[in-house]
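First up is the structure itself, then whatever we jot down about it.
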Amino acid sequence: MSEHGFWGYRRANGTVGIRNQVAILAVMDNVNGVVKNLASLVRGTLPIPVWYGRGQFGADDVLFRRTQVGLAANPNIASVLVISLEKVSAQKVAAAIAESGKPVEWISVQDIGGTVEALAAGIRKLLPMVSAASAERPEFVPLSSLVLGVECGGTDTTSGIAANPALGYVADRVVESGGTVYLSETSEWMGAEQVLAKRARSEAISADIWAAVRRIEDSAVARGVDIRGANPVPDNIRGGITTIEEKSLGAIIKGGTTEIQGVLDYAVPAKGNGLYLMDTAAPAAESMTGLAAGGAQLILFSTGQMNIMGNLIAPTVKVTGNPRTAERLRDNVDVDVSAMLQGESLEAAGSRLLDFTLGVASGRLTKAEILGDEDIAISRIEPTV
């Protein structure tokens, strides 16, 4: 396999999937049971249950629906069956997904006659969708077809000096090849925002970076929280991190060293190639959900002390630079770059990680996929009414 490409599924809108899943999407939480049962009855389907989806208004509702539609429109999804309790929301979400060119069907549980009828109709709708997906064959595509998300969790001192630089090496190769990289977790730009701002393509983008960090801090202050006192969190401190600046400077390197092309809102896809920042919450489930909804097909996740979670839509590669974690939690580690602590060069470790990344993009399963350590969590900005 060439290091400059991978085997993927080309979609009608020109994007490329690294998986070929038929998704069953819940519009709201009260149909999660139907979604999960359908997935258990039809092989080759991926259930996407959600929490909430009702009683959300204004900007919160916009963010929820945008994320939900973005997940279903991700290139890794071949087609979608939308399940809702009633017709209006089912049609609305299905129509939004169809704008991506993706085949989509919908079912309203109330209108079709309840759970049993919804399951029967769902099976009949899914049969041809799964059959069609199974007939598709991947083609070899250039690395420029990849949209890569980079994430970190369970951070310790090895993250900033081994795992994150290795991720950054891959991120730079993706960008240099014409691909796209998303760096998220806004609170982990704090203390390093001046470094990121200097790398912005324009003064306006630099201002967006400062504004995103200021918004996070102002929001915390408004709730009576000193975020600079709350971060690094206890497990970071146990792992040797002493200040938020130290943590952030180690974290941002996972996005590589290239020029920053823009700051994206949560779950909004980039309109061009290169390195983008995505304004997300730091917790992995929320951040990775935003990345996947923004079109990331694959996520590289660096971890010092181990966070086992992967994303349900975008295969998630766990990378550690901590030799104890690599041994003690080897069932969860995909790539061990701890040899960098003993002198392995960044180029050698980064090249190993790039090879593994291209393997996953071509179909190799990650440990999180094999073990089922996958989930989604859509960020919220308002309480439910």
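Just so we're clear, the structure is a prediction, and the values are computed from it rather than from any experiment.
Checked by atom type, the side-chain pair Ser302/Asn164 shows a donor-acceptor distance below 3.5 Å. In this structure, a donor-acceptor pair under 3.5 Å is absent between the side chains of Gln297 and Asn76.
Atom CZ of Arg199 is surrounded by more than 12 heavy atoms from other residues, nucleotides or ligands within 6.0 Å. In Arg124, the CZ atom is not crowded: 12 or fewer heavy atoms of neighbouring residues, nucleotides or ligands sit closer than 6.0 Å.
Geometrically, Arg380 does not engage Phe64 in a cation-pi contact, judged by NZ or CZ lying under 6.0 Å from the ring centre and within 45° of the ring axis. Remark: Arg352 fails to qualify as a cation-pi partner of Phe356 under the 6.0 Å distance and 45° angle criteria applied to the six-membered ring.
Of the possible polar contacts, none joining the Asp29 side chain to the Val50 backbone as a donor-acceptor pair under 3.5 Å is found. At distances below 3.5 Å, at least one donor-acceptor pair connects side-chain atoms of Asn13 with backbone N or O atoms of Ser100.
Between Val319 and Leu167, the closest side-chain pair of non-hydrogen atoms falls below 4.5 Å. Annotation: side chain of Leu183 is not in contact with side chain of Tyr276 (no heavy-atom distance under 4.5 Å).
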- Task: Take Glu369 and Arg19 through the salt bridge (charged side-chain N to carboxylate O under 4.0 Å, His left out) test and state the conclusion after the steps.
- Result: CA-CA 12 Å; Glu369 286 181 288; Arg19 297 292 184 269; 3.0 Å; yes
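Heavy-atom minimum distance, Asn74 versus Lys102: O-NZ, 3.3 Å. Looking at every heavy atom in both residues, Ala96 comes nearest to Val69 through CB-CG2, 3.7 Å. Here the shortest heavy-atom pairing between Ser287 and Thr280 reads OG-OG1, 3.2 Å.
With salt bridges taken as basic N to acidic carboxylate O contacts below 4.0 Å, one links Arg330 and Glu327.
The distance from the OH atom of Tyr266 to the OG atom of Ser379 is 3.5 Å, given to the nearest 0.5 Å.
Residue Phe6 is grouped with residue Val174 when hydrophobic side chains (ILVMFWY) are merged at heavy-atom distances under 4.5 angstrom, including chains of intermediate members.
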